Amino acid sequence: MSNFAVTFETEDGISMLSLQGELDAHTAEEFEAALLHVMAQGSNRIVISGEHLSYISSAGLGVLMAHIDTIRTTGGDLKVAQLQPPVAKVFDLLGFQLLFEIYDSKEEALRSFQSKGV
Amino acid sequence: MSSAVATFHLRVVARRDELRRIRVYVSDSVAPFISPPLVRAITLAVDEAASNVVVHAYEGSSAGPLDVQITVWETRIDIELIDEGTPLTGFHLPADHPPLRLIAGKRGGLGLPLMRKLMDSVRIERVGNRNRCLLSCRRDKI
């Protein structure tokens with residue numbers, strides 16, 4: 001039984017995936033399946049919430065890297081919000097803030113889609 | 001020559017569903033000797049190294065053993081991961097390794113740069129029919 005879960009919400013046409021627990025090479029497959037699920041439903045405006053994500057390794061970050069190009073090619077984007085400090089540190093170590101917009105709150109991430117008309 | 005302050009050893013089957021067990025073992029073992037941020041850094045570095053073994057060393061074959069040996073010295077911590085999988089060629093770090101370039105669409109290649117940022121030194125070598133990864137850092141690193 002994995003120590004990881006994904007919950008789904010939609011707000012104003014924006015898909016929000018809330019990650020809980022630990023995202024590693026074992027649970028990355030589950031995360032990717034969830035991301036592909038919302039993409040298959042036609043969603044290309046996606047917020048990943050890390051409020052309850054306690055751990056991430058490069059496998060989890062690799063899922064984001066694998067699909068960001070596809071999402072942006074369709075005119076959408078994937079944004080990240082509410083990272084716990086240890087998880088934010090990992091994003092920072094690899095320079096992910098240069099490739100992804102990272103927000104302190106879900107609300108800010110949602111507003112960023114609306115203000116850019118994406 | 002100084003003697004070790006403490007040593008710890010874990011042997012697991014190198015499967016994805018064992019990665020969490022490795023992390024818990026490593027963090028519990030080193031926690032009494034170093035700061036909480038360094039516990040997290042070492043745990044992540046070991047997880048990255050163990051993931052390499054699971055994904056690459058035993059790729060396409062049945063999982064084999066992975067030994068995790070932790071040695072706490074007066075001023076540093078060494079973690080050694082040894083597996084009996086296929087050679088981890090391509091993981092040997094060149095002396096003048098280039099900086100990481102994030103490439104959208106490319107999922108892999110993040111683990112080694114992350115290990116290098118987290119630890120003072122990372123060495124991956126082939127010893128006989130085994131891969132050996134040695135991670136090392138100062139106890140007062142952070």
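Letters A, B, ... mirror the listed sequences (proteins, then strands); counts begin at 1. Bear in mind the structure is a predicted one, so any value in this text is a computation, not a measurement.
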Problem - Minimum heavy-atom distance B/Pro113-A/Leu94, with the two atoms named - result: CB-CD2, 4.4 Å
Handout entry: Over 12 foreign heavy atoms within 6.0 Å of CD, A/Gln41
Key = yes
Practice task
Indicate if B/Leu38 and B/Leu134 have the same hydrophobic cluster label, given that clusters are the connected sets of ILVMFWY residues with side-chain heavy-atom separations under 4.5 angstrom.
Solution key: no
Exercise for the section: Hey, could you give me the OG1/OH distance between B/Thr43 and A/Tyr55, rounded to the nearest 0.5 Å? Expected result: 7.5 Å
Problem - Within 6.0 Å of CG in A/Asp104, more than 12 heavy atoms from elsewhere - result: no
Problem - chain A contact via B/Arg23 - side chain, backbone, both or neither, heavy atoms under 4.5 Å - result: side chain
Problem - Side chain / backbone / both / neither for A/Leu61 at chain B, heavy atoms under 4.5 Å - result: both
Practice task
Is it possible for you to say whether B/Ile142 and B/Met119 belong to one hydrophobic cluster, with membership spreading through side-chain heavy-atom contacts below 4.5 Å?
Solution key: yes
Exercise for the section: Determine whether B/Ile82 and B/Ile42 fall in the same hydrophobic cluster, where Ile, Leu, Val, Met, Phe, Trp and Tyr are linked whenever their side-chain heavy atoms lie under 4.5 Å apart. Expected result: no
Problem - Toward chain B, the part of A/Leu98 with a non-hydrogen atom under 4.5 Å - result: neither
Exercise for the section: Quick one: pull up NE2 in A/His26 and CG in B/Leu19 and give me the separation to the nearest 0.5 Å. Expected result: 8.0 Å
Handout entry: Euclidean distance, A/Leu64 CG relative to B/Leu110 CG, rounded to 0.5 Å
Key = 10.0 Å
Handout entry: ILVMFWY network linking A/Leu23 to A/Phe8, side-chain heavy atoms under 4.5 angstrom
Key = yes
Problem - Residue selection (most heavy-atom pairs with chain B, distance under 4.5 Å) from A/Glu32, A/Arg72, A/Glu29 - result: A/Glu32
Exercise for the section: For B/Glu48 and A/Ser58, indicate whether the former's side chain and the latter's backbone hold a donor-acceptor pair under 3.5 Å. Expected result: yes
Problem - Salt-bridge contact B/Arg16-A/Asp24 (side-chain N to carboxylate O under 4.0 Å) - result: no
Practice task
Search all heavy atoms of B/Leu118 against all heavy atoms of A/Leu93 and return the closest pair with its distance.
Solution key: CD2-CD1, 3.5 Å
Problem - Verify same cluster id: B/Ile79, B/Val5 (apolar side-chain graph, 4.5 Å) - result: yes
Practice task
Determine whether more than 12 heavy atoms belonging to other residues, nucleotides or ligands lie under 6.0 Å from atom NZ of A/Lys89.
Solution key: no
